[in-house]
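This report refers to the structure that appears directly beneath it.
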2 protein chains.
Amino acid sequence: MTLRELADLLGLSQTTVSRALNGYPEVSESTRKRVVARAKALNYRPNPNATRLATGRSQAVGHVIPITSKNEMVNPIFSDFLAGAGETYAREGYQLVLNVVRESHMEDAYRSLVEQGTVDGVVVQGPRMEEPRIALLQQIGLPFLVHGRATGEDTEYSWLDVDNHCAFERATALLLSAGQRRIGLINGQEHLDFAFRRRCGYNSAHRSHSVEVDTALCYSDEMTEYFGYESARRMLQSDQPPTAFLVSSMLPAIGARRAVGEFGLQFGKDIWMIIFDDNLSYLKNSGSPPTFTAMKSSVRDAGRRCAEILLQLIRSGSSKPIQERWQAQLVMGTSTGDLVSAKEPDHDHANLTR
Amino acid sequence: MTLRELADLLGLSQTTVSRALNGYPEVSESTRKRVVARAKALNYRPNPNATRLATGRSQAVGHVIPITSKNEMVNPIFSDFLAGAGETYAREGYQLVLNVVRESHMEDAYRSLVEQGTVDGVVVQGPRMEEPRIALLQQIGLPFLVHGRATGEDTEYSWLDVDNHCAFERATALLLSAGQRRIGLINGQEHLDFAFRRRCGYNSAHRSHSVEVDTALCYSDEMTEYFGYESARRMLQSDQPPTAFLVSSMLPAIGARRAVGEFGLQFGKDIWMIIFDDNLSYLKNSGSPPTFTAMKSSVRDAGRRCAEILLQLIRSGSSKPIQERWQAQLVMGTSTGDLVSAKEPDHDHANLTR
DNA sequence: ATTACTAACCAAAGCGCTTTGAATAGGCAA
DNA sequence: TTGCCTATTCAAAGCGCTTTGGTTAGTAAT
């Protein structure tokens with residue numbers, strides 16, 4: 001069923017039918033109704049490739065996933081994010097084009113996406129502190145939204161980010177207020193912006209409490225289960241082991257807990273733990289109260305919202321940046337003792353624009 | 001830079017340039033060289049939307065991800081699979097279109113993918129025992145490849161699958177041969193085909209060893225960490241606890257290990273465990289020897305290969321099904337005692353077509 | 001020299017949409 | 001009645017490619 005056929009059937013021109021279907025004003029209401037009804041009855045759907053060619057718009061959004069031998073973007077967090085974004089795209093009639101690309105071909109990948117009119121915009125995931133993709137995208141003029149931020153980038157751009165600094169500052173402060181003095185940090189790779197900010201928050205809380213940071217307690221790498229296990233194990237077997245852990249994600253937290261168990265320590269008693277919980281669908285912080293005391297923010301929701309913002313950016317065509325900063329929510333679990341008594345200052349836990 | 005411009009610049013017709021670029025024979029070699037060189041110099045790239053419209057082919061492949069409130073396809077296994085497939089697509093110049101779709105809209109999603117010429121083929125993931133998608137795709141005539149199989153489907157179709165039956169039969173037999181008599185099975189949802197086959201393998205080994213299956217030892221659900229923990233916990237606290245576990249995936253295995261620890265049992269000594277290991281990039285079976293004794297098969301490799309087969313299917317245009325069955329590889333780890341002495345019969349461990 | 005091919009190239013017709021520039025008809029003021 | 005507006009509708013020209021159906025010139029066969 002093509003537009004042409006539909007038009008012939010209705011005894012109208014393609015122009016009119018096209019306009020009726022696309023909501024243009026110069027079509028009488030009665031005609032529009034007739035057209036829409038008939039189109040629906042015949043299950044007419046415009047050929048998107050023809051539309052794309054004619055309009056130059058693709059109704060598609062790209063996610064470019066860099067792969068390196070070392071730094072895999074394809075982690076459980078990523079897939080939850082994608083699922084969230086995918087929901088939005090599906091609802092809004094956009095297509096999600098996924099590009100798995102070697103880091104060395106990244107620039108090329110973005111360029112060809114825009115040159116070829118394959119996508120109308122892209123989501124940038126896993127930004128580093130120095131993120132070359134931002135300048136690149138600004139230069140080629142492709143609408144984009146960054147999930148996260150890039151500290152080293154001082155131009156304005158659109159982003160959605162969890163307030164990582166604040167989350168880790170709060171968590172650290174909570175532990176320090178409760179008298180903990182040796183807090184092991186099991187963090188993501190600190191050239192990635194989110195991990196850097198978390199580290200800063202951790203440092204900052206120490207500073208406010210006049211406690212010196214022991215860098216022997218700071219581990220940072222890809223957030224695998226094994227990394228969590230290994231770093232916890234090393235810290236625990238040292239002369240001055242930590243009495244609490246702050247862990248950047250559920251996976252390493254599971255590993256750290258394993259190490260704790262192997263040392264015969266009572267989890268939540270002998271040693272405390274606060275984690276950052278992305279609320280992954282396959283790695284839920286389960287139980288009631290939940291196992292882990294956590295700073296929580298759903299990465300799936302973030303994906304959903306990132307997609308929304310990007311579409312808004314694309315549709316409005318304006319280059320005015322949209323920025324949204326979310327606050328993680330504190331969830332009390334069984335991995336810490338009495339934290340509440342060491343009351344923390346008021347915080348706004350809602351998801352708010354900054 | 002359009003074809004037209006390039007042709008004008010070269011003093012040739014669009015026809016000739018197009019043919020030169022696409023390797024048609026009716027162009028002289030000298031002309032072809034000139035055209036190709038010039039195209040490269042000017043960085044000419046055909047507009048894919050125009051190509052798609054003209055040819056009806058999209059140079060894109062779809063992955064449709066069903067979401068339900070209960071059954072999330074978006075798990076770590078899925079994302080590794082996608083990463084593998086994505087590599088192949090990138091290499092072959094195909095685009096990966098991801099569709100996150102509510103189960104109820106699935107049929108529609110597939111239909112519109114093909115009707116609209118959005119993709120040239122699709123990969124079907126997570127097939128159930130009764131998998132309606134297969135008949136649907138056969139009916140609408142869209143090339144497809146199933147990752148896994150559907151027991152209830154008796155028509156011929158293309159698939160790539162790990163030999164789940166064999167893997168679990170072997171693993172179970174190993175445990176039984178070593179004298180284990182109560183083997184807890186922590187399986188995926190058994191309406192999904194892979195889990196069903198694994199269960200069959202488990203049953204079958206029991207039968208050959210004349211050991212009765214105790215259904216109180218068989219758990220089956222979404223393969224989360226918590227599910228692994230909870231089912232192991234329940235089994236361990238029963239009157240007749242298992243002495244070994246067979247676990248369907250790394251995530252529940254981690255949970256099961258946690259439960260084992262909580263019961264004060266020595267992992268690999270008081271209780272044995274064999275897992276199925278998809279070799280996930282973020283959940284590696286690390287250590288040497290590795291932590292878990294495992295039946296191992298990389299899901300990322302599977303993704304890579306699935307994509308290759310699908311492209312082959314698309315390009316050949318033939319409807320002759322391609323089927324490939326892989327054998328999981330047995331990896332000895334620290335989660336079992338002496339298994340080797342209980343020698344298993346010879347098996348071909350290579351990845352082979354059936 | 002004529003015919004018959006073949007090799008190499010080209011003009012033009014699509015693919016199915018959007019959009020520009022007109023055309024038509026009806027309504028209303030002059 | 002005429003003229004002007006507005007509300008509808010349409011024909012046709014793209015969008016940038018592929019492909020059909022030639023045409024032309026050169027070569028081989030008769």
Side-chain angles (χ1 to χ4, degrees), chain A residues 1-36 38-39 42-60 93 95 112-120 315 317, chain B residues 1-36 38-39 42-60 93 95 112-120 315 317:
Chain A
M1 173 63 43
T2 71
L3 183 65
R4 158 117 228 166
E5 290 167 5
L6 180 60
D8 287 355
L9 244 45
L10 284 159
L12 289 168
S13 73
Q14 292 188 51
T15 311
T16 305
V17 176
S18 169
R19 288 188 158 146
L21 258 22
N22 291 315
Y24 281 71
E26 54 271 76
V27 176
S28 75
E29 223 22 68
S30 62
T31 311
R32 183 190 312 282
K33 282 207 179 112
R34 199 162 64 90
V35 171
V36 169
R38 198 62 175 279
L42 294 171
N43 194 27
Y44 165 76
R45 312 212 201 156
N47 176 322
N49 291 327
T51 309
R52 289 203 244 273
L53 181 57
T55 61
R57 277 171 274 115
S58 65
Q59 295 278 96
Q95 217 127 63
S112 83
L113 277 183
V114 62
E115 274 170 15
Q116 317 217 356
T118 310
V119 301
D120 296 335
R315 285 168 176 158
Chain B
M1 175 59 46
T2 70
L3 183 65
R4 158 115 227 169
E5 290 167 4
L6 180 60
D8 287 354
L9 243 44
L10 284 160
L12 289 168
S13 73
Q14 293 189 51
T15 311
T16 306
V17 176
S18 169
R19 288 188 159 149
L21 258 22
N22 291 315
Y24 282 71
E26 53 274 79
V27 176
S28 76
E29 223 22 69
S30 64
T31 311
R32 184 191 311 282
K33 282 206 178 113
R34 200 161 64 91
V35 171
V36 169
R38 198 61 176 277
L42 295 171
N43 194 27
Y44 165 77
R45 309 208 204 160
N47 176 322
N49 293 326
T51 309
R52 290 203 244 272
L53 181 57
T55 60
R57 275 170 276 116
S58 65
Q59 293 279 96
Q95 217 127 62
S112 83
L113 276 183
V114 61
E115 275 170 14
Q116 317 217 357
T118 309
V119 301
D120 296 334
R315 285 169 176 156

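Quick note: numbers below take in every heavy atom, side chains included, and nothing from hydrogens, waters or symmetry partners.
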Point to revise | Results of salt bridge (Lys or Arg N to Asp or Glu O under 4.0 Å) for A:Arg57 - residues two or more places apart only | key: none
Check your understanding: For A:Arg34, what residues pass the salt bridge (Lys or Arg N to Asp or Glu O under 4.0 Å) criterion, not counting sequence neighbours?
Key -> none
Check your understanding: Could you give the distance from CZ (A:Arg45) to CD (B:Gln116), rounded to the nearest 0.5 Å?
Key -> 5.5 Å
Check your understanding: How many angstroms lie between atom CD of B:Gln95 and atom CZ of B:Arg52, to the nearest 0.5 angstrom?
Key -> 6.0 Å
Practice item. Find out whether B:Gln59 and B:Pro48 are in side-chain contact, i.e. whether some heavy atom of one side chain is under 4.5 Å from a heavy atom of the other. Key: no
Under 3.5 Å, side-chain donor or acceptor atoms of residues 2-10 of chain A against the rest of the protein: list the pairs with distances, not counting sequence neighbours.
| residue | atom | partner | partner atom | Å |
| --- | --- | --- | --- | --- |
| A:Thr2 | OG1 | A:Arg4 | N | 3.4 |
| A:Thr2 | OG1 | A:Glu5 | N | 3.2 |
| A:Glu5 | OE1 | A:Thr2 | N | 3.3 |

Exercise for review: Figure out the CD/P separation between A:Glu26 and D:dA11, and round it to whole Å.
Suggested key: 16 Å
Would you classify [X] as touching base, sugar-phosphate or nothing, given that sugar-phosphate means primed atoms plus P, OP1 and OP2, and contacts are heavy atoms under 4.0 Å?
| X | result |
| --- | --- |
| B:Thr2 | sugar-phosphate |
| B:Gly11 | sugar-phosphate |
| A:Arg32 | nothing |

Practice item. Let me see the working for A:Leu21 and A:Val36 under side-chain contact (heavy atoms from CB on, under 4.5 Å), right down to the final yes or no. Key: CA-CA 6 Å; A:Leu21 258 22; A:Val36 169; 4.1 Å; yes
Exercise for review: Using chain A heavy atoms and a threshold of under 4.0 Å, write down where along DNA chain C the contacts begin and end, 5' to 3'.
Suggested key: C:dG16 to C:dG21
Check your understanding: For residues 48-56 of chain A, which residues have at least one heavy atom under 4.0 Å from DNA chain D?
Key -> A:Leu53, A:Ala54
**Study point:** Those residues that, when tested against A:Arg315, pass side-chain hydrogen bond (donor to acceptor under 3.5 Å, both in side chains) (two or more places apart)
**Key:** A:Glu92
Review point. Closer to the 5' end of DNA chain C via nearest nucleotide, is it A:Tyr44 or B:Pro25?
Key: B:Pro25
